[in-house]
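Lettering follows sequence order; numbering is per chain, from 1.
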Number of protein chains: 2
Amino acid sequence: MTSSTATAAPSPEVGDGRRRILEAAAELFQVRGYAETSTRTIAEAVDMRAASIYHHFDSKDALLTEILAIGMQAVTDAFDAAELATEPDETGAQRLQRHVTAHLDALFGHKAFTAAHVTVFPFVPAAVRVASVEDRDRYEARWTDLLGSIAPELDPSQVRVVRLSLFGVMNSTLDWFDPAAEGSLDELANAFVSTLWSGLGTVGGGN
Amino acid sequence: MTSSTATAAPSPEVGDGRRRILEAAAELFQVRGYAETSTRTIAEAVDMRAASIYHHFDSKDALLTEILAIGMQAVTDAFDAAELATEPDETGAQRLQRHVTAHLDALFGHKAFTAAHVTVFPFVPAAVRVASVEDRDRYEARWTDLLGSIAPELDPSQVRVVRLSLFGVMNSTLDWFDPAAEGSLDELANAFVSTLWSGLGTVGGGN
DNA sequence: GTCTATACATTGATAGAC
DNA sequence: GTCTATCAATGTATAGAC
């Protein structure tokens, strides 16, 4: 935090109202839904009037579009970081688990923004969907490549099922896993990958 | 179909508009969302005016409540049937697979009604949620019992994770699996259970 | 059981003062 | 950058004719 000027930010709610609007809206969209949340409700959450939102965003749709972009950026950055951490002699399971952990970390680290992709996305207006779909496709393609290289014995159709199932499990954790109360995301990722790799017998039974 | 009177139903769209409203609304809620679908749009889908809906249902919320109840009935009936089909000498994996198949069959057999529980439920008005939560809790409890009896080596917290993960996968199939184009739900259930039981190595590799 | 007509609230968004 | 005031559109729902 380099305070270059004398008028350094005094309040904890520093900076632009823009970011505060984004965060409040993302939270409300996640909990109540997009159509269910009015611009007045968003404004109320940040102690403003609805009209002020339109100084920062062209429309409610534009606000949602940016929220979705932030969510995709979070998981994409996490994927990049996990990829960079690759070690030459690691096993496929180790590499997969690092990526699963990275995805879960990004999911819960920016929950309101990433959850929008899981719960709100199916119902977003068509214009918003097309604005996000490229980023989403790119992220899915990276996972397809990852899984294909980790499990080369699977054909493309099997890779697809594994990828979509894995996403189904990982994204569902947003609804039922609480990192603060239940333990680390790394343990959860380990449980997922070891089950996917070796089955429940390994997890519940022997080693 | 006992046609007791001479004025038997001639058209394929027989009977009450009530059922037609339910099915059109369920379909629209699944695709567009609840708040995003107006009563006018529902009426248009069944060639009526919005006011006519209120002859059959007290409110839009009441219509959604009944859709959710139908969805829960479908999966509950399927669970009952799968339980009745239990054979004395079957393995845990066989019993589990029958239940997974039953759940998937019910999911896709009444897709609009069951999908409402997955995609729409998080955002339904509080009054609608409380009306459905009992049925949902009961269904979850049955799965908890089932998994606990099949895998007694798991502690309750592990059973919870397995149950919620399994639901995460199964419910996600509504988004990406097409029984008409991709093959039987029984094969999909088999892939899920064998992976859960023995890991990916079994599915993709050897036997 | 479906219609027309309408009441009434809420919505996304804009204009213009400060 | 936030406000007040306001508009036009759309929402759920009701009343009453047919």
Side-chain angles (χ1 to χ4, degrees), chain A residues 5 7 9-11 13-26 28-29 31-68 116 120 123-129 131, chain B residues 5 7-26 28-29 31-68 116 120 123-129 131:
Chain A
T5 64
T7 55
S11 150
E13 314 276 15
V14 211
D16 39 357
R18 185 186 164 81
R19 187 76 202 180
R20 286 169 53 225
I21 292 170
L22 276 169
E23 270 161 13
L28 285 164
F29 291 166
V31 174
R32 303 192 188 185
Y34 178 65
E36 292 87 346
T37 303
S38 70
T39 53
R40 285 173 172 81
T41 303
I42 299 168
E44 191 185 14
V46 293
D47 262 305
M48 286 183 183
R49 306 293 168 170
S52 306
I53 293 178
Y54 291 85
H55 174 75
H56 299 282
F57 302 93
D58 285 344
S59 65
K60 194 190 172 192
D61 278 9
L63 172 55
L64 173 59
T65 301
E66 188 155 335
I67 287 169
L68 290 170
V120 167
F123 305 135
V124 302
V128 178
R129 181 178 291 111
Chain B
T5 64
T7 56
S11 151
E13 315 274 16
V14 211
D16 37 358
R18 184 185 165 82
R19 187 76 202 182
R20 287 170 53 224
I21 292 169
L22 275 169
E23 269 161 14
L28 285 164
F29 291 166
V31 175
R32 304 191 187 185
Y34 179 65
E36 293 86 347
T37 304
S38 70
T39 52
R40 289 191 228 272
T41 303
I42 299 168
E44 191 185 14
V46 292
D47 262 305
M48 286 182 183
R49 306 292 169 171
S52 304
I53 293 178
Y54 291 86
H55 174 75
H56 299 283
F57 302 94
D58 286 344
S59 65
K60 193 189 172 191
D61 277 10
L63 172 55
L64 174 58
T65 301
E66 187 155 335
I67 286 169
L68 289 170
V120 168
F123 306 134
V124 301
V128 178
R129 181 178 291 108

Atom-pair distance ([atom1] on [X]; [atom2] on [N]), nearest Å:
X: B/Asp16; N: C/dG1; atom1: CG; atom2: P; value: 8 Å
X: B/Leu64; N: D/dA13; atom1: CG; atom2: P; value: 12 Å
X: A/Arg49; N: C/dA15; atom1: CZ; atom2: P; value: 21 Å
X: A/Asp61; N: C/dG12; atom1: CG; atom2: C1'; value: 10 Å
X: A/Arg32; N: C/dT10; atom1: CZ; atom2: P; value: 14 Å
X: A/Met48; N: C/dC18; atom1: CE; atom2: C1'; value: 16 Å
X: B/Glu36; N: C/dT11; atom1: CD; atom2: C1'; value: 14 Å

Distance-minimising heavy-atom pair for [X] and [Y]:
X: A/Ala43; Y: A/Ala50; value: CB-N, 3.5 Å
X: A/Ile67; Y: A/Ala26; value: CD1-N, 3.6 Å
X: A/His56; Y: A/Ile21; value: CD2-CD1, 3.6 Å

Residue-level proximity of residues 38-45 of chain A to DNA chain D when a heavy atom falls under 4.0 Å: A/Arg40
So, do [X] and [Y] sit near enough that their side-chain heavy atoms are less than 4.5 Å apart?
X: B/Arg18; Y: B/Glu66; value: yes
X: B/Thr39; Y: B/Leu63; value: no
X: B/Leu22; Y: B/Phe57; value: yes

Any donor-acceptor N/O pair, A/Tyr34 side chain to B/Glu36 backbone, under 3.5 Å: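 Checking the backbone N and O of B/Glu36 against the side chain of A/Tyr34, no donor-acceptor pair under 3.5 Å is found.
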Residues in contact with DNA chain C, drawn from residues 51-59 of chain A - heavy-atom cutoff 4.0 Å: A/Ala51, A/Tyr54, A/Ser59
Residues, nucleotides or ligands: over 12 heavy atoms within 6.0 Å of A/Arg32 CZ: no
